[in-house]
A.B. asks: 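I have a structure here, written as structure tokens, and I will follow up with some questions on it.
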Amino acid sequence: MGGILVIGSYNRDTVLRLARFPAPGETLTALGMAEFHGGKGSNQAVAAARAGGRVALIAAIGDDAPGKAAQVLWAAEGIAAQAVQITEAPTGAATILLDAAGENQIIIVAGANAALALPPGFTPPGDIAVALAQLETPQAATAALFRASTGARRILNVAPAAPITPELLAATDMLVLNETEAAILAQREAEAADLAIALAAETMRDVIVTAGAAGAFWARPDGVVIDATPPRVTVVDTTGAGDAFLGAFAASSAEGFTPEKTLRLAVTAGALACSQEGAVPSLPYRAAIMAPGGE
Ligand code: RIB
């Protein structure tokens, strides 16, 4: 099985549990507060490792306590983090508002993530099957990594939604985004499957649009669509569901599973991640993903 190389963010997440989201100008008292590891890049690396992948991570952290905690996490999860950079900027941070329905609103302070660059002379290991990135770190660094990763499936999670530079899109094989992000990118509201088809035709890339409990739709530029429906779960916190999807998708791709099976395992991982609070605590392990509903 080939390896998975993730480039992306690490954030220290502060989660505020609320009965409901505040209105503009309103002050609310939280029901509780908790801190977790977060950041889409690190979350996806952990998710891929837990799904059975052999994972290396390129990220940037500060010379501070959250940065040290991140290194402990990666070591515990068996993630190769030799290419992680220590910057003068503090480790990234996120404040996450979580309402009673498990929906979230997230504000990020980029910190060290904004300083991430590809280490000089860096070459990806030759046995990389998947290169995976998001948009919480500079697109130029991702484009450089993707250009050097020919032969791997280069997957860009378009999160948070933002315009993709032509140089990054040119080096990308596949886009993955949720329906909100897809609507922003397509500049119109539509069903998730329609957005996937439209974005695939526009970008001439494979595009997967995830739609929560409705599942995920994988469109090819020629219009062919594969879809998968997740198992039902009791939703506690949707934070990290997309990261669980991407991590399991990367691990299943690296394992050489069929597109149908890869998508099915990914939606299962995404659903399982909704059943517990916090991003990293909820990322499922291979056995749970492969249990009935997945396999
Ligand atoms: O996808 C969830 C993540 O988004 C959180 O962990 C937060 O840090 C933000 O990056």
Side-chain angles (χ1 to χ4, degrees), residues 6-17 33-51 57-62 64 66-67 69-70 73-74 77 79 84 89-99 102-116 132-139 141-142 155-162 175-182 184 208-212 216 235-250 266-267 269-284:
V6 181
I7 183 168
S9 59
Y10 173 86
N11 293 326
R12 187 70 184 161
D13 288 355
T14 300
V15 177
L16 301 178
R17 204 155 41 77
M33 182 179 110
E35 295 213 331
F36 298 103
H37 296 288
K40 295 183 195 301
S42 176
N43 292 346
Q44 291 176 20
V46 171
R50 290 186 182 177
L57 175 65
I58 303 172
I61 50 176
D64 49 24
L73 168 74
W74 298 327
E77 299 286 343
I79 294 168
V84 167
T91 297
T95 297
I96 300 178
L97 305 185
L98 181 64
D99 77 359
E103 293 299 330
N104 63 46
Q105 294 180 343
I106 303 180
I107 312 286
I108 292 162
V109 181
N113 296 310
L116 180 64
L132 176 59
Q134 319 73 32
L135 293 183
E136 287 185 339
T137 47
Q139 293 194 27
T142 300
I155 304 171
L156 180 65
N157 176 209
V158 192
L175 303 173
V176 180
L177 57 178
N178 67 30
E179 51 190 340
T180 307
E181 293 153 351
I184 293 171
I208 296 179
V209 175
T210 61
V235 175
V236 174
D237 179 2
T238 56
T239 312
D243 299 329
F245 178 100
L246 266 299
F249 188 90
V267 295
L272 293 173
C274 295
S275 56
Q276 206 179 321
E277 192 177 307
V280 167
S282 70
L283 297 173

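Counting starts at 1 for both ligands and their atoms, in listed order. Fair warning: this is a prediction, and the values are worked out from it, not measured in the lab.
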A.B. asks: Run the numbers for me: atoms of ligand 1, each under 4.0 Å from some heavy atom of G39, listed by number.
C.D. replies: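 Listed by number with element, the hits are 5 (C), 6 (O), 7 (C), 8 (O), 10 (O).
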A.B. asks: Can you find a non-hydrogen atom of S9 under 4.0 Å from ligand 1?
C.D. replies: no
A.B. asks: Does a side chain donor of either T239 or N104 reach within less than 3.5 Å of an acceptor in the other side chain?
C.D. replies: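 Yes, N104 and T239 have a side-chain donor paired with an acceptor closer than 3.5 Å.
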A.B. asks: Report yes if some N/O of T239 lies less than 3.5 Å from some N/O of ligand 1; otherwise report no.
C.D. replies: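 N/O-N/O distance under 3.5 Å: no.
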A.B. asks: Taking 4.0 angstrom as the limit and counting only heavy atoms of A94, give me the atoms of ligand 1 inside it, by number and element.
C.D. replies: 7 (C), 8 (O)
A.B. asks: Would you say H37 and ligand 1 have an N/O pair spaced under 3.5 Å apart?
C.D. replies: no
A.B. asks: Under 4.0 Å from a heavy atom of E136: give me the atoms of ligand 1 that qualify, with their elements.
C.D. replies: 4 (O), 9 (C), 10 (O)
A.B. asks: Any N/O of G38 closer than 3.5 Å to an N/O of ligand 1?
C.D. replies: no
A.B. asks: Hey, mind stepping through I208 and L175 against side chain to side chain contact (heavy atoms under 4.5 Å, CB included) and telling me if it holds?
C.D. replies: CA-CA 6 Å; I208 296 179; L175 303 173; over 6 Å; no
A.B. asks: I need the I155 CD1 to Q44 CD distance, nearest 0.5 Å.
C.D. replies: 9.0 Å
A.B. asks: Quick test of your reading of the structure: of R12, K40, Q134, whose heavy atom lies closest to atom 4 (O) of ligand 1?
C.D. replies: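 Of the listed residues, K40 has the closest heavy atom.
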A.B. asks: Can you list everything that forms a side-chain hydrogen bond (donor to acceptor under 3.5 Å, both in side chains) with E179? Sequence neighbours excluded, please.
C.D. replies: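 Scan of E179 (side-chain hydrogen bond (donor to acceptor under 3.5 Å, both in side chains), adjacent residues dropped) gives none.
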A.B. asks: Looking at CG of L177 and OG1 of T210, how far apart are the two atoms once the value is rounded to the nearest 0.5 Å?
C.D. replies: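 It comes to 7.0 Å.
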A.B. asks: Provide the number and element of each atom of ligand 1 under 4.0 Å from a heavy atom of D13.
C.D. replies: 5 (C), 6 (O), 7 (C), 8 (O)
A.B. asks: If you define the side chain from C-beta out and look only at heavy atoms, does anything of V176 sit under 4.5 Å from F245?
C.D. replies: yes
A.B. asks: Need the ligand 1 atom indices (1-based, order shown) with element for anything under 4.0 Å from a heavy-atom of N43.
C.D. replies: 2 (C), 3 (C), 5 (C), 6 (O)
A.B. asks: Within the side chain of N113, is there an N or O that forms a donor-acceptor pair under 3.5 Å with the backbone of Y10?
C.D. replies: yes
A.B. asks: Taking atom 1 (O) of ligand 1 as the point of reference, which of V109, D243, I96, N157 owns the nearest heavy atom?
C.D. replies: D243
A.B. asks: Excluding sequence neighbours, so at least two apart, what forms side-chain hydrogen bond (donor to acceptor under 3.5 Å, both in side chains) with S42?
C.D. replies: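 With neighbours one apart ignored, the set is W74.
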